[in-house]
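For reference, the structure discussed in these notes is given below.
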Protein chains: 2
Amino acid sequence: MTISEVSKKYDLTPDTIRYYEKEGLIPKAPRTKSGIRDFDEETCNWIEFIKCMRNAGLEIETLKQYVALFKQGNKTVKQRKILLIEQRKKLLEKQKNINATLERLNYKIEKYEEIEKGKLKDFAEKP
Amino acid sequence: MTISEVSKKYDLTPDTIRYYEKEGLIPKAPRTKSGIRDFDEETCNWIEFIKCMRNAGLEIETLKQYVALFKQGNKTVKQRKILLIEQRKKLLEKQKNINATLERLNYKIEKYEEIEKGKLKDFAEKP
DNA sequence: TTATCACTTGGAGTTAGCTCAAAGTCAATA
DNA sequence: TATTGACTTTGAGCTAACTCCAAGTGATAA
């Protein structure tokens, strides 16, 4: 699989994929005799995984650490677990923030709807 | 209220608060005769609102637009509603990404626990 | 065989969102 | 009166995560 095919498949630019490879977020992709990347399934799985984590906002640096631990094999299972638990904690925190904001947005949108329908006139709105 | 008091209250640095003011994310705070900011309740409410929105990841630019519309009064209710609905959509999308990632993290953490307890040996782990 | 086109690299540039530094002002205290 | 310390401004600097550019290479189509 060429980089542009992988790019389409995962909706990441070729530049981003090369950047991830250079930074060690994904394994170094296999190459053809002429030096062109020829992605295999394993590498694709990593790309998919990293994309998922990045979409949730995990940092490059953190993912780099995780991949480095992974490469060292089973002796790093404990450290990897600790790392993932910390990231889970962060995501739960984020989830809470988003939920709080969603509630607030819902309330305001509702109010705006009432104003539009004329149910509420001169609504003394706070931010 | 001085800027350092507000800073403590909302856990934002004075620099950040001044930056928000400069960018128009919050109203210009009232000043004492000698030019020092003396935050009133209204401005504090804005700070709290903006902090909440920023915590959920809404962009400065978007919030700037919202505040600008707000300042123009009731004639912008419709536009503000549209803006908030778009932001809600984005947050719901984010929520989905976070949930997907949380599930994945939970699965992996569980597997790592099983390995640690020796229930799983030589677990052929994919990313 | 020449042209095209997707790929390659290294390194510079960009954007968002702060964050810091320098130099100055003012009110209150020793 | 001198000094302390919190405030002020302007503008530069920083970090994360890409994103773009220039110059070069190699395989295939005309």
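Residue numbers start from 1 in every chain, and the chains themselves are labelled A, B, ... in the order their sequence lines are given, proteins ahead of strands.
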Collect all protein-nucleotide pairs involving nucleotides 1-3 of chain D in which both atoms are nitrogen or oxygen and the distance is under 3.5 Å.
none

Is the distance from OP1 or OP2 of [N] to the nearest side-chain N or O of [X] less than 4.0 Å?
X: A/Tyr20; N: D/dA17; result: no
X: A/Arg37; N: C/dC7; result: no
X: B/Tyr19; N: C/dA16; result: no
X: B/Arg18; N: D/dT8; result: yes

Distance-only donor-acceptor pairs under 3.5 Å for side chains of residues 40-47 of chain A, two or more places apart:
| unit_1 | atom_1 | unit_2 | atom_2 | d |
| --- | --- | --- | --- | --- |
| A/Asp40 | OD1 | A/Thr43 | N | 3.0 |
| A/Asp40 | OD1 | A/Thr43 | OG1 | 2.4 |

Only counting residues at least two apart or in another chain, list the ones meeting side chain to side chain donor-acceptor pair (under 3.5 Å) with [X].
X: A/Thr62; value: none
X: B/Thr16; value: B/Thr13
X: A/Glu21; value: A/Arg37

Scan nucleotides 10-12 of chain C against the protein and return all N/O pairs shorter than 3.5 Å with their distances rounded to 0.1 Å.
none

- Message: Whether the A/Tyr112 and B/Arg80 side chains hold a donor-acceptor pair (N or O, under 3.5 Å, no angle test) is what I'd like checked.
- Response: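 Note: A/Tyr112 and B/Arg80 side chains meet the donor-acceptor criterion.
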- Within residues 42-71 of chain A, find the residues that approach DNA chain D with a heavy atom at under 4.0 Å, and present them sorted by residue number.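 Nucleic-acid contacts, sorted: A/Arg54, A/Glu59, A/Ile60.
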- Contact residues, residues 2-11 of chain A to DNA chain C [heavy atom, < 4.0 Å]: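 Here the set is A/Thr2, A/Ile3, A/Ser4.
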- For A/Arg104, enumerate each residue passing the salt bridge (charged side-chain N to carboxylate O under 4.0 Å, His left out) test, keeping only those at least two apart in sequence or located in another chain.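 Checked A/Arg104 against salt bridge (charged side-chain N to carboxylate O under 4.0 Å, His left out); matches are B/Glu48.
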- Can you sort out the partners of B/Lys64 under salt bridge (charged side-chain N to carboxylate O under 4.0 Å, His left out), two or more places apart, ordered by chain and number?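 With sequence neighbours excluded, B/Lys64 shows a salt bridge (charged side-chain N to carboxylate O under 4.0 Å, His left out) to B/Glu23, B/Glu61, given in chain and number order.
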- Message: If I take atom CD from residue B/Gln87 and atom CD from residue B/Gln65, how far apart are they, to the nearest 0.5 angstrom?
- Response: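 Result: 8.5 Å between the selected atoms.
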Within the sub-3.5 Å range, which N or O atoms of nucleotides 27-30 of chain D have a protein N or O partner, and how far apart are they?
none

- Heavy atoms, side chains only, cut-off 4.5 Å: are B/Tyr19 and B/Ile60 in contact?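 Of all side-chain heavy-atom pairs linking B/Ile60 with B/Tyr19, at least one is under 4.5 Å.
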- May I have all residue pairs that pass side chain to side chain donor-acceptor pair (under 3.5 Å) and include part of residues 51-60 of chain B, sequence neighbours excluded?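 Side chain to side chain donor-acceptor pair (under 3.5 Å) check on residues 51-60 of chain B returns no pairs.
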- Query: Quick one: do B/Glu113 and A/Lys81 make a salt bridge, cutoff under 4.0 Å?
  - Reply: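 Salt bridge flag = yes for A/Lys81 with B/Glu113.
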- Query: CZ of A/Arg31 versus P of C/dA6: gap in Å, rounded?
  - Reply: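 Checked: the CZ to P distance equals 18 Å.
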